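The next block holds one structure in the form of structure tokens; read it before the comments.
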Amino acid sequence: MTSRSSSYEERSASLVICMLSTCLVLIGCGVRMEEGPSSQVQPGRYDQGTAENNSLAMPEYIRRITPFPTVDQSGQVYEHPFLGGFNMPRPQLLDIDGDEDYDLFVQDVSGSVIFFENRPGEKPQFLWRTDRYQDLEVGEWYRFVDLDLDGDHDLLAEQPFSYVRYYRNEGTPQEPRFVEVADSLKDVDGKPLFSDRQNIPNAADIDCDSQVDLLIGRLSGRVTRYERINSGTLGPPQFQHVTDFFEDIEIIAQMGSLHGANTMALGDVDNDGDEDLFWGDYFEPGILFIENTGTCQSPSLGGEPISFPSSEPLNTSGYNAPTLGDVDGDGDQDLLVGALGGAFNPNTTTADNLYYLEQSSPGLFTAQTSRFVSMIDVGSESIPVIIDLDGDRDLDILIGNKIEQGDPQNGKIYRLINEGTPGSPRFQMSGEFDVGSGYHLLPAFADLDGDGDLDAVLGTWEDELRFYENRANDGSIQLTLVDSAITTLTRGRNATPTLGDLDSDGDADMVVGESSGTLNFYENTGTSSQPEFTLISDEYLGLDVGRRSLPVLHDFDGDGDLDLIVGSESEGIRLLLNEGTRSVPKFTDLGPLPLEHFGFAAPAFGDIDGDGDDDLLLGGSGGGLWFYENQRR
């Protein structure tokens with residue numbers, strides 16, 4: 001066979017994070033040393049129970065998904081504006097809470113699953129509840145399925161590396177509770193079942209014999225079938241190997257004879273009482289459909305796979321993960337498809353990657369959106385900057401990305417403008433902040449020419465940093481390129497600058513992160529009207545965060561001097577507290593902030609909600625933003 005958000009979710013589901021006060025408190029036990037080319041910072045430590053002894057204004061953060069109204073460029077409200085973005089969404093629709101509608105699960109990163117509850121109304125809403133559903137470890141894939149046929153959903157997931165973990169639902173259809181029964185399912189001979197971790201299998205009673213069948217796609221394009229032989233027992237299920245060539249299916253993708261990583265979904269899409277098959281493949285730009293032309297008791301999937309929908313086939317970057325369910329509550333099966341990114345340039349689907357195809361009439365599927373979950377998403381590796389762009393005395397947000405999905409030759413910086421007030425913000429996407437071409441664009445702002453407004457040093461994927469003067473006269477920021485290489489890194493790329501007066505001499509110095517994970521310190525040895533950055537150290541403080549250091553100079557503890565907060569690619573966000581003075585800083589490394597794990601963490605600080613304290617905004621690998629409200633009073 002061949003084939004060419006609401007107050008409920010914010011308050012009850014948000015993770016409260018207490019930093020350095022109440023829960024985690026800084027105590028002075030770090031060894032402090034002077035800064036300089038050969039100096040290093042020594043680690044301090046966190047401890048509990050001494051908040052009353054801490055007189056500094058340490059922040060306490062709580063994550064908010066919908067902290068204030070935020071709309072896209074057309075004025076449509078983002079339902080989950082600060083959810084963080086998707087890059088590789090693996091969706092599944094099912095009724096997890098027994099209320100007779102389909103809820104939504106999405107896995108975008110390894111190990112955890114996001115849960116959205118369906119709250120029906122005139123228009124069904126899928127409301128975010130948690131990023132880590134029941135704290136389940138799911139490896140690279142997950143699949144809810146009633147494996148023991150007791151009327152509720154159990155869970156299969158990847159056990160590293162490439163085995164099948166089994167969680168049994170020991171709760172009820174209304175209140176599920178998942179308990180791990182087996183870290184690796186086995187066949188009757190005791191051999192662990194193997195499923196390539198990049199493939200997403202599926203399970204169903206394909207032949208209506210009251211025994212669940214497990215179907216595993218292979219890199220050969222064929223399908224292995226196992227059948228459970230001990231249904232009704234409480235112990236680990238056992239499976240009998242049936243065939244490695246189920247229904248003679250052999251998927252050959254559009255790019256010729258290539259087979260690749262694949263996903264699979266089963267469902268009765270044509271409502272004829274048997275299970276049809278959808279297939280996504282790394283080398284296939286859409287999804288393939290194989291109709292079951294048999295019966296429930298005698299399935300037949302021997303027909304030719306066709307691109308789906310036949311009237312207007314889906315076309316993405318490839319490696320698509322489909323799931324069936326009644327999205328709109330009209331009684332028929334719709335389709336959600338996550339574009340994981342295959343052989344057709346994954347950079348083109350870093351933001352448009354969760355497709356909703358509505359079944360508007362029997363057999364007729366129409367694409368409604370490529371961003372089914374409504375949120376800020378600029379692609380991948382978002383980096384925020386908080387600043388007043390338009391001179392109206394409230395804070396706006398810039399968001400840089402790695403690469404623009406519609407322009408693979410460049411990245412972009414997006415403008416999120418506060419059209420409300422400082423105390424009652426309302427943000428709207430408002431086009432591009434133009435700083436020219438390049439990847440990984442990140443500006444740092446300070447008055448570098450002494451004229452009272454904010455100029456910028458721009459980091460890019462290259463090793464050169466650009467200098468822009470602000471030549472606006474209305475309080476806004478309008479940048480003009482003055483120097484395409486005001487300084488050049490001695491090594492590495494991905495320059496990420498931050499500006500601040502570290503020596504209290506009246507001009508802005510510069511710390512620059514880069515790809516290797518170290519820091520570069522440049523002292524401003526120029527004048528108040530003509531900056532000149534002199535390299536002091538390219539291994540500043542001896543700090544190394546692994547890869548992709550993203551520093552921010554900010555008074556974290558409210559004591560009047562600049563502290564250093566450093567994001568990274570995989571090591572979280574490090575806090576280096578300045579325990580010196582404004583002119584002679586001494587940094588103590590307190591290790592990572594106690595935030596959720598990020599694959600890519602880019603911090604920014606500012607009083608976004610106008611309540612008198614600085615909030616925390618994070619960019620991440622998903623291309624969106626995470627907002628943490630500062631609760632310290």
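Atom set for the values below is all heavy atoms of this structure, side chains included, hydrogens, waters and symmetry mates excluded. Model, not experiment: these values are computed from the prediction.
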Give a yes or no on whether the backbone of F126 and the side-chain of N118 come within a donor-acceptor separation of less than 3.5 Å.
-> no

If you round to the nearest 0.5 Å, how far is CG of N520 from CG of L535?
-> 6.5 Å

Rounded distance (nearest 0.5 Å) linking atom CG of L553 with atom CZ of F605 | 11.0 Å

So, does S424 use its side chain to make a donor-acceptor pair with the main chain of T421 at under 3.5 Å?
-> no

May I ask you to say whether E381 pairs ionically with R548, meaning some side-chain N is under 4.0 Å from a carboxylate O?
-> yes

With side chain to side chain contact (heavy atoms under 4.5 Å, CB included) as the test, would you mind laying out the steps for Y468 and V435 before giving the verdict?
-> CA-CA 9 Å; Y468 293 78; V435 290; 3.9 Å; yes

Apply the test side chain to side chain donor-acceptor pair (under 3.5 Å) to residues S476 and Q478: give CA-CA distance (whole Å), side-chain angles for both, the deciding distance (0.1 Å), then the verdict.
-> CA-CA 7 Å; S476 66; Q478 299 174 29; 3.3 Å; yes

Value rounded to 0.5 Å, distance of CG in L575 from NE2 in H554 | 10.0 Å

Could you tell me whether the side chain of L481 reaches within less than 4.5 Å of the side chain of R466, counting heavy atoms only?
-> yes

Looking only at atom types and distance, does a side-chain atom of D607 sit under 3.5 Å from a main-chain N or O of D611, one as donor and one as acceptor?
-> yes

Quick one: are M510 and T487 in side-chain contact, heavy atoms under 4.5 Å?
-> yes

Is N347 reaching over with its side chain to a backbone N or O of P408, donor-acceptor style, under 3.5 angstrom?
-> no

Begin from the C-alpha positions of T130 and I114 and carry the test side chain to side chain contact (heavy atoms under 4.5 Å, CB included) through to its verdict.
-> CA-CA 6 Å; T130 177; I114 305 169; over 6 Å; no

Looking at W626, does the NZ or CZ of R63 lie under 6.0 angstrom from its six-membered ring centre and within 45 degrees of the ring axis?
-> yes

Looking only at side chains, do Y414 and E404 share a donor and an acceptor under 3.5 Å apart?
-> yes

Under 4.0 Å between a Lys/Arg side-chain N and an Asp/Glu carboxylate O for R371 and D352?
-> yes

Flag the pair R574 and D589 as a salt bridge only when some basic side-chain nitrogen lies within less than 4.0 angstrom of an acidic carboxylate oxygen.
-> yes

Does the distance from a Lys or Arg side-chain N to an Asp or Glu carboxylate O, for R493 and E462, drop under 4.0 Å?
-> yes

Worked verdict on L458 versus L465 for side chain to side chain contact (heavy atoms under 4.5 Å, CB included) = CA-CA 6 Å; L458 182 80; L465 290 102; over 6 Å; no

From R90 atom CZ to L354 atom CG, the distance as rounded to the nearest 0.5 Å | 12.0 Å

Evaluate the ring-ring contact (aromatic ring centres under 6.0 Å, His included) criterion for residues F521 and Y540: first the C-alpha distance (whole Å), next the side-chain angles of each, then the deciding distance (0.1 Å), finally the verdict.
-> CA-CA 6 Å; F521 174 49; Y540 185 51; 4.8 Å; yes

Could you tell me whether K586 and E579 have a side-chain N and a carboxylate O separated by less than 4.0 Å?
-> no

Can you tell me if E140 and S110 form a side-chain donor-acceptor pair at under 3.5 Å?
-> yes

Can you check whether D449's main-chain N or O pairs, donor with acceptor, with D455's side chain at less than 3.5 Å?
-> yes

Between S549 and V566, which heavy-atom pair has the shortest distance, and what is it?
-> CB-CG1, 4.1 Å

Report yes or no: does N524 contribute a side-chain atom to a donor-acceptor pair with the main-chain N or O of P531 at less than 3.5 Å?
-> no

Provide the closest heavy-atom pair for S370 versus Y355 in the form atom of the first, atom of the second, distance.
-> CB-CE2, 3.4 Å

Could you walk me through whether S317 and T349 pass side chain to side chain donor-acceptor pair (under 3.5 Å), step by step?
-> CA-CA 6 Å; S317 63; T349 54; 2.6 Å; yes

Measure the spacing between CZ of F627 and CZ of F68 and express it to the nearest 0.5 Å.
-> 4.5 Å

Parallel, tilted or perpendicular: ring planes of Y439 versus W461, cut at 30 and 60 degrees | perpendicular

Closest heavy-atom contact between N87 and D108?
-> N-OD1, 2.9 Å

Side chains of S382 and N401 in contact at under 4.5 Å (non-hydrogen atoms) = no

Side-chain (D563) to main-chain (D555) donor-acceptor, under 3.5 angstrom = no

So does R582 have more than 12 non-hydrogen atoms from other groups sitting under 6.0 Å from CZ?
-> no

Could you tell me whether a side-chain N or O of Y142 sits under 3.5 Å from a main-chain N or O of F105, the two making a donor and an acceptor?
-> yes

E514/R547 salt bridge by N-O under 4.0 Å criterion | no

Counting distance only, does the side-chain N/O of D377 pair as donor-acceptor with the main-chain N or O of F86 below 3.5 Å?
-> yes

Where do V113 and R132 land on the side chain to side chain contact (heavy atoms under 4.5 Å, CB included) test, with the steps shown first?
-> CA-CA 5 Å; V113 179; R132 288 192 58 85; over 6 Å; no

Using atom types as modelled and distance alone, determine if a side-chain donor or acceptor of R491 lies under 3.5 Å from a backbone N or O of D538.
-> yes

Would F427 and Y78 satisfy ring-ring contact (aromatic ring centres under 6.0 Å, His included), going step by step from the backbone distance to the final call?
-> CA-CA 10 Å; F427 286 89; Y78 289 114; over 10 Å; no

Locate the shortest heavy-atom distance separating T498 from P551; write the atom from each residue and the value.
-> CB-O, 3.5 Å

What distance separates L576 CG from L564 CG, expressed to the nearest 0.5 Å?
-> 5.0 Å

